[in-house]
Protein chains: 2
Amino acid sequence: MGLAKTEIFTDEQNQISVFAKAFGHPARVAILQHLFKIDTCFCGDLVKEIGLAQPTISQHLKELKYLGLIKGTVEGTSVCYCIDMANWKEMKDIMTEFLGQDLLPKDECC
Amino acid sequence: MGLAKTEIFTDEQNQISVFAKAFGHPARVAILQHLFKIDTCFCGDLVKEIGLAQPTISQHLKELKYLGLIKGTVEGTSVCYCIDMANWKEMKDIMTEFLGQDLLPKDECC
DNA sequence: TTAATTCATTGCAATATTACGATTAATATT
DNA sequence: AATATTAATCGTAATATTGCAATGAATTAA
């Protein structure tokens, strides 16, 4: 099948998985880290920085943009990408709550 | 190709992506949430709880177990799964650091 | 205008993922 | 022993993902 049966899960569960999937490729992790590192946001530099072909980077950027985690503005012939902090924070809250789940002191039956 | 060129990324980037991929399917998110919710850990109940076929759940459990996020012990004919808190915390630290990245006040050039 | 630059899009090949029926292995129950 | 229960594994179909060469669109530079 290759496709998840999203209809049987909660919106929250689907949302978590969608965000997680965005981080499920090292190139996208690297792109985001680089966009955080340089406070002025560059773009085509990502191709050199990451080391994948330009169409491949473009594709990864597209996914991140679709999720709202980054935004890009055209500047002459180049495009400037940067983190969308509002959406990033929203995503971060959702993911942090998921990761922050805790067991009672006893727990771990296995 | 369908496979990531992991060799061009740092260990950290690859590790983040591997953990993230584990959460990249709502069924695995649901499984983990359920294992957190019930402090006594059940197993075959997951099949009823989640609503996917038994082999499918078994496959998802296998992935989570491979990453060390859960552990399972045989009890009679059934298997008891639960969160591996030590590994979960380790993963949580890595992911939290990634998510916690912050920009300088100015930022957001776009 | 022509050429160069930058990036998006298209098309495709290779591989991965998801899901489940059928089967198997292991233990429990009768 | 025979049967039932539980869960792992195998095999397979459908779909998704990754990566890149080739191409196209837009802007800038000459």
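Just so we're on the same page: letters track the sequence lines, and every chain starts at 1.
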Donor-acceptor under 3.5 Å ([X] side chain, [Y] main chain):
{"X": "B/Asp84", "Y": "B/Leu69", "result": "no"}
{"X": "A/Ser58", "Y": "A/Gln54", "result": "no"}
{"X": "B/Gln13", "Y": "B/Thr10", "result": "yes"}

Between [atom2] on [N] and [atom1] on [X], what's the gap in Å once rounded to a whole number?
{"X": "A/Leu61", "N": "D/dT18", "atom1": "CG", "atom2": "P", "result": "13 Å"}
{"X": "B/Lys48", "N": "D/dT6", "atom1": "NZ", "atom2": "C1'", "result": "10 Å"}
{"X": "B/Leu64", "N": "D/dA8", "atom1": "CG", "atom2": "P", "result": "12 Å"}
{"X": "A/Ile8", "N": "C/dA19", "atom1": "CD1", "atom2": "P", "result": "7 Å"}
{"X": "B/Glu75", "N": "C/dA28", "atom1": "CD", "atom2": "P", "result": "10 Å"}
{"X": "B/Gln54", "N": "C/dA19", "atom1": "CD", "atom2": "C1'", "result": "12 Å"}
{"X": "A/Leu3", "N": "D/dA13", "atom1": "CG", "atom2": "P", "result": "17 Å"}
{"X": "B/Ile50", "N": "C/dT18", "atom1": "CD1", "atom2": "P", "result": "14 Å"}

Across the strands shown, which category fits [X] at heavy-atom distances under 4.0 angstrom: base, sugar-phosphate, nothing?
{"X": "A/Thr56", "result": "base"}
{"X": "B/Ile57", "result": "nothing"}
{"X": "A/Ser58", "result": "base"}

TODO: Would you please confirm or rule out a distance under 4.0 Å between OP1 or OP2 of C/dA19 and any side-chain N or O of B/His60?
DONE: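 It does, given that an N or O in the side chain of B/His60 lies less than 4.0 Å from OP1 or OP2 of C/dA19.
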Open item on the list: Looking at B/Tyr81, I'd like to know whether one of its side-chain N or O atoms comes within less than 4.0 Å of OP1 or OP2 on D/dT6.
Closed with: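 For D/dT6, neither OP1 nor OP2 has a side-chain N or O of B/Tyr81 closer than 4.0 Å.
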- [ ] Assign each of A/Glu63 and A/Thr77 to its nearest nucleotide of DNA chain D by heavy atoms, then name whichever residue's nucleotide is nearer the 5' end.
- [x]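 The 5'-side residue here is A/Glu63.
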Open item on the list: If you take the centroid of each ring, where Trp contributes its six-membered ring, are A/Trp88 and A/Phe19 closer together than 6.0 Å?
Closed with: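 Ring centres of A/Trp88 and A/Phe19 not closer than 6.0 Å.
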TODO: Dump the intermediate steps for side chain to side chain contact (heavy atoms under 4.5 Å, CB included) on B/Leu52 and B/Val47, then the final yes or no.
DONE: CA-CA 6 Å; B/Leu52 290 172; B/Val47 174; over 6 Å; no
- [ ] Before giving the answer on side chain to side chain contact (heavy atoms under 4.5 Å, CB included), spell out for B/Leu99 and A/Phe23 the whole-Å C-alpha distance, their side-chain angles and the decisive distance to 0.1 Å.
- [x] CA-CA 10 Å; B/Leu99 295 173; A/Phe23 307 138; 4.0 Å; yes
Ignoring the backbone of [X], work out which of [options] is nearest its side chain.
{"X": "B/Val79", "options": "C/dT27, D/dA8, C/dA19", "result": "D/dA8"}
{"X": "B/Pro55", "options": "C/dG21, D/dG19, C/dA19", "result": "C/dG21"}
{"X": "B/Gln59", "options": "C/dT15, D/dC20, C/dC20", "result": "C/dC20"}
{"X": "A/Lys5", "options": "C/dA19, D/dG19, D/dC20", "result": "C/dA19"}

- [ ] Tell me the partner of D/dA1, counting only Watson-Crick (N1-N3 plus N6-O4 or O6-N4) or G-U wobble (N1-O2 and O6-N3) with both under 3.5 Å; none if nothing fits.
- [x]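 Result: C/dT30.
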- [ ] Using the six-membered ring wherever Trp is involved, compare the ring planes of B/His60 and B/His25 and label them parallel, tilted or perpendicular (cut-offs 30° and 60°).
- [x]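 Tilted, since the angle between the ring planes falls between 30° and 60°.
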Task: Any residue of residues 12-28 of chain B with a heavy atom less than 4.0 Å from an atom of DNA chain C - done: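 B/Lys21, B/His25, B/Arg28 - these, ordered by number, are the residues of the stretch whose heavy atoms sit under 4.0 Å from the strand.
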Open item on the list: Does A/Gln33 form a side chain to side chain contact (heavy atoms under 4.5 Å, CB included) with B/Phe98? I'd like the steps, not just the answer.
Closed with: CA-CA 8 Å; A/Gln33 283 180 333; B/Phe98 172 67; 4.0 Å; yes
- [ ] Using the closest heavy atom to pick a nucleotide of DNA chain C for each, name whichever of A/Asp45 or A/Ala4 lands nearer the 5' end.
- [x]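 So the residue in question is A/Asp45.
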